[in-house]
2 protein chains.
Amino acid sequence: MNQKSTKEKIIDQSLEMFNDLGVENITTRHIAKEINISQGNLHYHFPNKDKILEFLFETLILKLKEAEEFDGIELTEDDMLHSMLNNFNIMYAYRLFFQQKEVIWRRVPKIKEAMILLFKTKKLEILALINIYKKEEKFRGDISAEQIEFLAEQFIFSIQSWLNVKNYNPENHSPQYYAKFLFRIWLPYLKNEEMKKWETLLNDIG
Amino acid sequence: MNQKSTKEKIIDQSLEMFNDLGVENITTRHIAKEINISQGNLHYHFPNKDKILEFLFETLILKLKEAEEFDGIELTEDDMLHSMLNNFNIMYAYRLFFQQKEVIWRRVPKIKEAMILLFKTKKLEILALINIYKKEEKFRGDISAEQIEFLAEQFIFSIQSWLNVKNYNPENHSPQYYAKFLFRIWLPYLKNEEMKKWETLLNDIG
DNA sequence: GTCTATACAGCGATAGAC
DNA sequence: GTCTATCGCTGTATAGAC
């Protein structure tokens with residue numbers, strides 16, 4: 001049953017150890033030891049640690065893209081919520097790239113550039129979403145243009161850093177919690193009846 | 001004129017290099033070399049790298065406390081804004097503790113505990129502030145209790161991670177920008193006339 | 001206080017046998 | 001593909017002279 005290739009074993013073990021113990025603390029020796037192969041063998045599959053990081057990152061991007069394709073074209077509130085939750089689960093699995101951004105970015109500038117691009121794209125998507133809501137008149141009319149720009153930025157900001165804040169409030173640290181957290185940013189910008197609708201929706205996730 | 005003691009030199013150089021190049025990349029050898037002392041001498045003043053980190057952290061806490069004492073008891077909007085700006089300048093000077101939290105917390109659990117405590121205290125302060133605004137009827141009446149709890153959390157969340165997000169938007173990375181950023185969280189929760197007042201106030205910082 | 005010298009562990013990476 | 005063995009380098013920390 002355990003048909004994992006050595007390469008897969010390396011990747012899975014790396015992900016786990018990087019996530020839990022820190023990229024700067026885990027060496028190719030540690031990883032090799034934990035899956036009972038030699039360090040030499042590991043270096044046959046990945047020439048160095050950074051290449052493992054790059055491979056993991058590519059997998060993350062791939063999974064995020066896949067998740068997007070499953071999203072419906074219709075933008076019901078429920079769809080949005082579950083799409084977000086799905087995204088958060090993926091991000092949580094690859095949390096090293098968010099929690100240990102500084103270390104990884106310094107090691108592999110290529111990953112830094114790709115992530116910055118990713119977030120720029122996401123910001124535009126969110127601005128488009130806000131505009132749809134404005135057109136549908138679900139959005140408050142008394143919000144300044146500067147504040148709307150801020151709102152989009154606030155979303156991106158929170159997506160980027162949600163995993164950094166588990167620590168002072170560990171009991172509430174779960175993808176579910178943060179999906180709710182993120183949507184609550186949105187609430188006070190909506191017209192009253194719309195806000196109430198969302199409030200019940202968020203309470204329903206539990 | 002250069003009356004800096006060796007200990008001060010070590011501290012200043014460490015702060016600069018940790019901030020810019022990463023705690024995990026800077027060794028006692030690097031620091032010593034940069035200020036033209038031997039590594040042995042550095043280890044006379046600080047037994048190891050972690051003790052330098054602890055010293056830097058204690059200085060940060062001290063400066064934050066000092067800044068608090070200068071704050072007026074009156075809570076004018078202008079006072080709040082400038083106090084926040086002051087705090088952000090200090091945090092920026094010691095940004096390693098926010099940008100490189102994961103690495104530092106793993107190395108020095110004592111710092112982790114102290115920071116968690118700090119943020120818990122800050123959250124209570126912010127909740128108290130929200131309540132004052134509610135009593136003064138400047139706050140919207142149609143906001144749920146859950147959403148108010150969220151608002152406090154959102155503030156703490158943003159304070160903790162503001163320094164992590166310079167990268168996708170580097171042109172806007174300054175303490176001033178983030179002071180404004182933080183206050184904009186607050187805006188859509190205020191009654192309309194109050195919101196407008198804040199909007200002009202924020203635009204005045206430029 | 002400051003220096004030089006050194007011990008020692010751990011890192012990434014490679015060579016060469018099987 | 002996988003192993004063992006090993007090189008060269010860098011890290012922390014300490015000992016002992018001045």
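Worth saying up front: this structure is predicted, and the values here are computed from it rather than measured. No hydrogens, no waters, no symmetry mates; every other heavy atom, side chains included, goes into these values. Letters A, B, ... are given to chains in the order of the sequence lines, protein chains preceding strands, and every chain is numbered from 1.
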Find the distance I31(B):CD1 to dG11(D):C1' and express it as a whole number of Å. 12 Å
Salt bridge check, R95(A) against E102(B): does any charged N sit closer than 4.0 Å to a carboxylate O? no
With a 4.0 Å cut-off on N to O distance, would you call E68(B) and K122(B) a salt bridge? yes
Give the rounded distance in Å between these two atoms: CD of E8(B) and C1' of dG1(C). 15 Å
Give the angle between the helix axes at the two ends of the helix from dG1(C)-dC18(D) to dC18(C)-dG1(D), taking five base pairs at each end and rounding to 10°. 10°
K7(B) with D12(B): basic N within carboxylate O range, under 4.0 Å: no
State whether the number of non-hydrogen atoms from other residues, nucleotides or ligands found under 6.0 Å of H45(A) atom NE2 is greater than 12. yes
Is it true that E199(B) and K196(B) have a side-chain N and a carboxylate O under 4.0 angstrom from each other? no
For F183(B) together with W198(B), are the ring centres under 6.0 Å from each other? yes
Determine, for E77(B) against K138(B), whether the closest basic-nitrogen to carboxylate-oxygen distance falls under 4.0 angstrom. yes
Report the distance from atom CD1 of I35(A) to atom C1' of dG1(D), rounded to the nearest whole Å. 13 Å
Q100(A) side chain reached by R106(B) side chain, heavy atoms, under 4.5 Å: yes
To the nearest Å, give me how far apart NE2 (H45(A)) and P (dG1(D)) are. 6 Å
Under 4.0 Å protein heavy-atom contacts per nucleotide of nucleotides 4-18 of chain C, with B for base, S for backbone only and - for none: B------BBBB----
